[in-house]
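Some notes on the structure that comes next.
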Amino acid sequence: MAYDKFTVLRSTAVPLPIENVDTDQIIPARFLKATKREGFGDNLFRDWRYNNDESPKQDFVLNNPTYSGAILVGGRNFGSGSSREHAAWAIYDYGFRCVISSFFADIFKGNSLNIGILPVTVSPEFLDKIFLAIEADPKAEIEVNLPEQKVTIVASGESEDFTINGYKKNNMLNGFDDIDYLQSMKGEIAAFAEKSLY
């Protein structure tokens, strides 16, 4: 399933300075019944966003109109816990295209890259700078440049490089998932098959 190409994202950001955010907090297990990727954003951080009577919790950041944007900034060890890919689906469906943290759980990171969310790992020191910039100005913009593999706090110009697997980078730049990548090579595959001895 193809998704939007990711090149350079410049956006305000939503701060979630909580460590060890696990996938059950991102999307509780009771919402995992659907098999399509749509609709999970409504239940992103469900138990943190809503009271038992379905009223919004005013102190949770997603219910605070001060913050918005396509970038979610999380604390260390984001996406830990079970391997459910629905966690990445919920983040994408809500409208986030990038998550920044100082450490991601490996499976969550892989699931995110597979559906068009760019997980950007920065140093703890630079993560703190991002949080401070957003605290000082909720409209502060962050620029995530995938071709240059660089994240920048626009107002101050401070930046830091990040790493990404070359194959995943190519897929993100083209809006490919793994199947799209194979489809893009149909001509080469057919040519190889023609030359095959079997």
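Connection of V8 to L173 is not established within any shared hydrophobic cluster, with ILVMFWY side chains joined at heavy-atom distances below 4.5 Å, either directly or through further cluster members. Put simply, I117 and F103 are part of two different groups of oily side chains (I, L, V, M, F, W, Y) that touch within less than 4.5 Å, one to the next. The hydrophobic cluster containing V154 does not contain V122, counting ILVMFWY residues as joined when their side-chain heavy atoms lie under 4.5 angstrom apart, directly or transitively. When hydrophobic clusters are built by joining Ile, Leu, Val, Met, Phe, Trp and Tyr residues whose side-chain heavy atoms come closer than 4.5 Å, directly or via intermediates, F126 is not grouped with L132. In this structure, F131 is a member of the same hydrophobic cluster as F162, with clusters built from ILVMFWY side-chain heavy atoms closer than 4.5 Å.
Listed here is the closest heavy atom pair of V120 and C98: CG2-SG, 3.8 Å. The shortest heavy-atom contact between R76 and S102 is CB-OG, 3.4 Å. The two residues G41 and D93 have their closest heavy-atom pair at N-OD2, 2.8 Å. Among all heavy-atom pairs drawn from S83 and I107, the shortest one is CB-CG2, 3.5 Å. A pairwise comparison of heavy atoms in D42 and R49 identifies O-NH1, 3.3 Å as the closest pair. When every heavy atom of V21 is checked against every heavy atom of F45, the shortest pair comes out as CG1-CE2, 3.8 Å.
Of the possible polar contacts, none joining the D24 side chain to the P28 backbone as a donor-acceptor pair under 3.5 Å is found. Formation of a donor-acceptor pair under 3.5 Å by the E160 side chain with backbone atoms of S123 is found in this model. Here the side chain of D22 pairs no donor or acceptor atom with the backbone of S80 at under 3.5 angstrom.
Other residues, nucleotides and ligands place no more than 12 heavy atoms under 6.0 Å from the NZ atom of K150. Around the NZ atom of K57, the shell of radius 6.0 Å holds more than 12 heavy atoms that belong to other residues, nucleotides or ligands. Few gaps surround CG on D53; more than 12 heavy atoms of other groups in view lie less than 6.0 Å from it. Applying the 6.0 Å contact sphere to CG of N51 captures more than 12 heavy atoms from other residues, nucleotides or ligands.
Put simply, the side chain of V99 reaches to within 4.5 Å of the side chain of F104, judged on heavy atoms. Between I100 and I130 there is a side-chain heavy-atom pair separated by less than 4.5 Å. For the pair P119/L113, a side-chain contact is recorded, criterion being any heavy-atom separation below 4.5 Å from C-beta on. Side-chain atoms of P56 and Y50, non-hydrogen and from C-beta on, do get closer than 4.5 Å to each other. By the 4.5 Å heavy-atom criterion applied to side chains, L118 and L146 are counted as neighbours. Residues L9 and I71 meet the side-chain proximity criterion, which asks for heavy atoms closer than 4.5 Å. Contact check for V61 versus P15: side-chain heavy atoms found under the 4.5 Å cut-off.
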Under the criterion side-chain contact (heavy atoms from CB on, under 4.5 Å), I'd like the reasoning laid out for K168 against N114: C-alpha separation, chi angles, the key distance, then a yes or no. CA-CA 8 Å; K168 293 299 185 182; N114 285 341; 2.4 Å; yes
Stepwise side-chain contact (heavy atoms from CB on, under 4.5 Å) check, Q25 with N20: CA-CA 10 Å; Q25 292 159 333; N20 305 312; over 6 Å; no
Working for side-chain contact (heavy atoms from CB on, under 4.5 Å), residues L16 and V73: CA-CA 6 Å; L16 188 68; V73 185; over 6 Å; no
Kindly determine whether N145 and T152 satisfy side-chain contact (heavy atoms from CB on, under 4.5 Å), including the steps that lead there. CA-CA 8 Å; N145 187 315; T152 303; over 6 Å; no
Go through it in stages, so that I can follow the logic: the residues are Q149 and T163, the test is side-chain hydrogen bond (donor to acceptor under 3.5 Å, both in side chains), and I'd like the CA-CA distance, side-chain angles, deciding distance and then a yes or no. CA-CA 7 Å; Q149 296 178 211; T163 61; over 6 Å; no
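Distance check, rounded to the nearest 0.5 Å: CH2 of W48 to CG of D59 gives 12.0 Å. Note: M172 CE to I115 CD1 = 9.5 Å, rounded to the nearest 0.5 Å. Distance check, rounded to the nearest 0.5 Å: CG of L72 to OG of S101 gives 9.5 Å. Here the NZ-CZ distance, from K169 to F6, works out to 12.0 Å after rounding to the nearest 0.5 Å. Separating the CD1 atom in I153 from the OG atom in S159 is a distance of 9.0 Å, to the nearest 0.5 Å.
Remark: R97 is positioned above the aromatic ring of Y92, its terminal NZ or CZ atom under 6.0 angstrom from the ring centre and at most 45 degrees off the axis.
Pairs of residues two or more places apart, or lying in two chains, that qualify as salt bridge (Lys or Arg N to Asp or Glu O under 4.0 Å) and include a residue from residues 117-129 are K129-E158. The side chain to side chain donor-acceptor pair (under 3.5 Å) contacts involving residues 63-74 comprise N64-T66, where partners must be two or more places apart or lie in separate chains.
When ring centroids are compared, F108 and F78 come within the 6.0 Å threshold.
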Sequence neighbours left out, cut at 3.5 Å: what donor-acceptor pairs do the side chains of residues 134-143 make with other protein atoms?
from	atom 1	to	atom 2	distance (Å)
D137	OD1	K139	N	3.0
E141	OE1	R10	NE	3.0

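Ring orientation note: the planes of H86 and W89 are tilted relative to one another, at an angle of 30° to 60°.
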